[in-house]
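What follows is a short report on a single structure.
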Amino acid sequence: MRINVTRSSMPPFEEYVEAIRPLWDSVWLTNMGVNHEKLAGELCSYLGVPNVSLFVNGHMALEMTLQAMDLEGEVITTPFTFASTTHAIVRNGLKPVFCDIDPEDFTIDVSKIEGLITKDTCAILPVHVYGCLCDVEAIEKIAKDHGLKVIYDAAHAFGTEYKGTGVGNFGDASMFSFHATKVYHTIEGGAVTTADTGLMERLWKLKDFGIRDEEVVDGIGANAKMNEFCAVMGLCNLKYVDSEIEKRRTVFERYREGLSGIDGLKLLCPQKDVKPNYAYFPVVVEEEIFGADRQSVIDSLRDEDIFVRKYFYPLTNDMDCYRGRFDSSNTPVACHIADRVITLPMSATLATDDVDRICGIIKSCRGGRS
Ligand SMILES: *Cc1c(COP(=O)(O)O)cnc(C)c1O
């Protein structure tokens, strides 16, 4: 049977059906309905944050947060991420300035941030990539010293904590994605967490066309509201997310057992003081040492109906839409990783036998023996 890189978690069918039944009576399908409000409240407690603003997806949550902050100039970010992060900056008329990444956890290399700050820098937009947390303490200090806003792309980091504090508490705001492929999902959806109640109010308005009240439209907003069917999916999935993460841990540890200690395969190391969510299992294939390149590993797996992803490749500063505007040679570590990384199938339902089979196939590629 085909194994994909991910598989969405599904609540029991009857539970979802029962939960949407009241919508046939109320006929309140969107525009901040009861389920929307209930989900926002439950997510505040789950994530341990003061406020949650729900969105139609993670991208719009990020784009509108940048808009709501009224930023101008340059935003320091990383290219080793999903297209969304960079697009959100550019679509706000801001200029992304790419910082290189740490070779171990692939998050922004904090030692290289200050060298990129200019008089035009207004914010830092780091990514908790694969659910690995950025060095939030160092970033906070840099931001404070230079008067910069910090917006985290926490799309991968649902449920993670640093020293017991929910990840959504760091920086001025954090964006979460609740896309079907993420650890926790609402089919499509996203959220912003922030302690700033003024920002919460601006987001509330912007995601509803900038409408203040029936007669006043005083923001150039768009439509980015989460509907009731998605909110209900979120309420159902939230009940199971802890057990889903626990199942992911089993898969993650099985992979680590199967693939650690192999020359030329670099795996993620557990981060100190971090409660992880086991969102992804990336492997960096150092072909010179492993004796086979990334593509041959991908092809060998595909021959067995196992589909992995080059996640993240290409770097955003190498994407066709940005050709000629950015230079990826300024981020050599990100280039090195993007050219060699694969993310292996990862989901709560992936069987131990399948993990073993995947590890076996990868190992059989060693030294060109594929
Ligand atoms: C998924 C993702 C997004 C966008 O979220 P959507 O909910 O799909 O719009 C942004 N950044 C990263 C790193 C992501 O993985």
Side-chain angles (χ1 to χ4, degrees), residues 4-9 39 43 47 52-67 75 77-92 96 98-99 101-102 105-108 123-134 150-160 167-168 170-171 173-193 203 206-207 222-227 229-231 233-234 237 268 277-282 309-317 319 321 334 337-338 341-343 346-347:
N4 286 323
V5 73
T6 185
R7 192 167 187 279
S8 300
S9 299
L39 180 60
L43 286 171
L47 297 170
V52 168
S53 184
L54 294 175
F55 279 84
V56 64
N57 57 51
H59 177 81
M60 287 311 294
L62 185 59
E63 202 172 299
M64 289 198 159
T65 302
L66 298 178
Q67 185 187 353
V75 178
T77 188
T78 54
F80 189 70
T81 182
F82 190 48
S84 170
T85 321
T86 301
H87 288 354
I89 296 169
V90 175
R91 287 167 58 85
N92 269 288
F98 293 101
C99 185
I101 59 171
D102 181 286
D105 64 17
F106 316 130
T107 65
I108 193 164
I124 310 173
L125 204 175
V127 184
H128 298 303
V129 65
Y130 303 132
C132 293
L133 298 204
C134 301
V150 179
I151 306 99
Y152 282 105
D153 181 333
H156 295 177
F158 188 86
T160 62
V167 70
F170 299 102
S174 296
M175 175 278 282
F176 293 85
S177 165
F178 305 150
H179 185 257
T181 54
K182 305 282 160 66
V183 167
Y184 166 78
H185 77 88
T186 62
I187 309 171
E188 290 264 11
V192 176
T193 61
L203 289 173
L206 281 177
K207 68 184 168 189
N223 184 359
K225 305 182 298 285
M226 180 183 282
N227 71 60
F229 289 79
C230 290
M233 184 58 109
N237 279 337
L268 278 184
N277 67 358
Y278 309 104
Y280 298 89
F281 200 94
R309 292 284 295 277
K310 297 177 189 172
Y311 200 53
F312 292 102
Y313 172 88
L315 296 175
T316 65
N317 54 4
M319 288 179 171
C321 57
I337 302 296
V341 73
I342 51 179
T343 50
M346 184 74 201
S347 70

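In what follows, residues are counted from 1 in the order of the sequence shown. Read the numbers this way: they start at 1 and go in the same order the structure lists the ligands and their atoms.
In this structure, Phe158 and Phe176 have perpendicular ring planes: the angle between them is above 60°, well past the 30° mark.
Residue Gly189 has at least one heavy-atom neighbour below 4.0 Å for each of these atoms of ligand 1: 7 (O). Near Tyr311, meaning under 4.0 Å from any of its heavy atoms, are these atoms of ligand 1: 15 (O). In the vicinity of Thr81, heavy-atom distances shorter than 4.0 Å reach the ligand 1 atoms 13 (C).
For atom 11 (N) of ligand 1, the closest non-hydrogen atom on the protein side is Asp153 OD2, 2.8 Å. With respect to atom 4 (C) of ligand 1, the closest heavy atom belonging to the protein is Ser84 OG, 3.7 Å. Counting only heavy atoms of the protein, atom 3 (C) of ligand 1 lies nearest to Phe82 CD2, 3.6 Å.
No part of Met60 comes within 4.0 Å of ligand 1, judged by heavy-atom distances. Residue contacts with ligand 1, taken as heavy atom pairs separated by less than 4.0 Å, do not involve Glu188 at all.
Ring-centre distance between His156 and Phe312: below the 6.0 Å cut-off. Taking the centre of each ring, Tyr152 and Phe170 stay at or above the 6.0 Å mark.
A side-chain N or O of Lys225 and one of Asn223 form a donor-acceptor pair less than 3.5 Å apart.
Exactly one of Leu62, Ile151, Thr77, Thr316 qualifies for a side-chain contact (heavy atoms from CB on, under 4.5 Å) with Ile89. That residue is Thr77.
Of the candidates His59, His156, Lys182, His179, Lys182 brings a heavy atom nearest to atom 2 (C) of ligand 1.
By the 4.5 Å heavy-atom criterion applied to side chains, Val341 and Phe80 are counted as neighbours.
Residue Val127 has no nitrogen or oxygen atom sitting less than 3.5 Å from a nitrogen or oxygen atom of ligand 1, judged on distance alone.
No more than 12 heavy-atom neighbours from other residues, nucleotides or ligands sit within 6.0 angstrom of OH on Tyr313.
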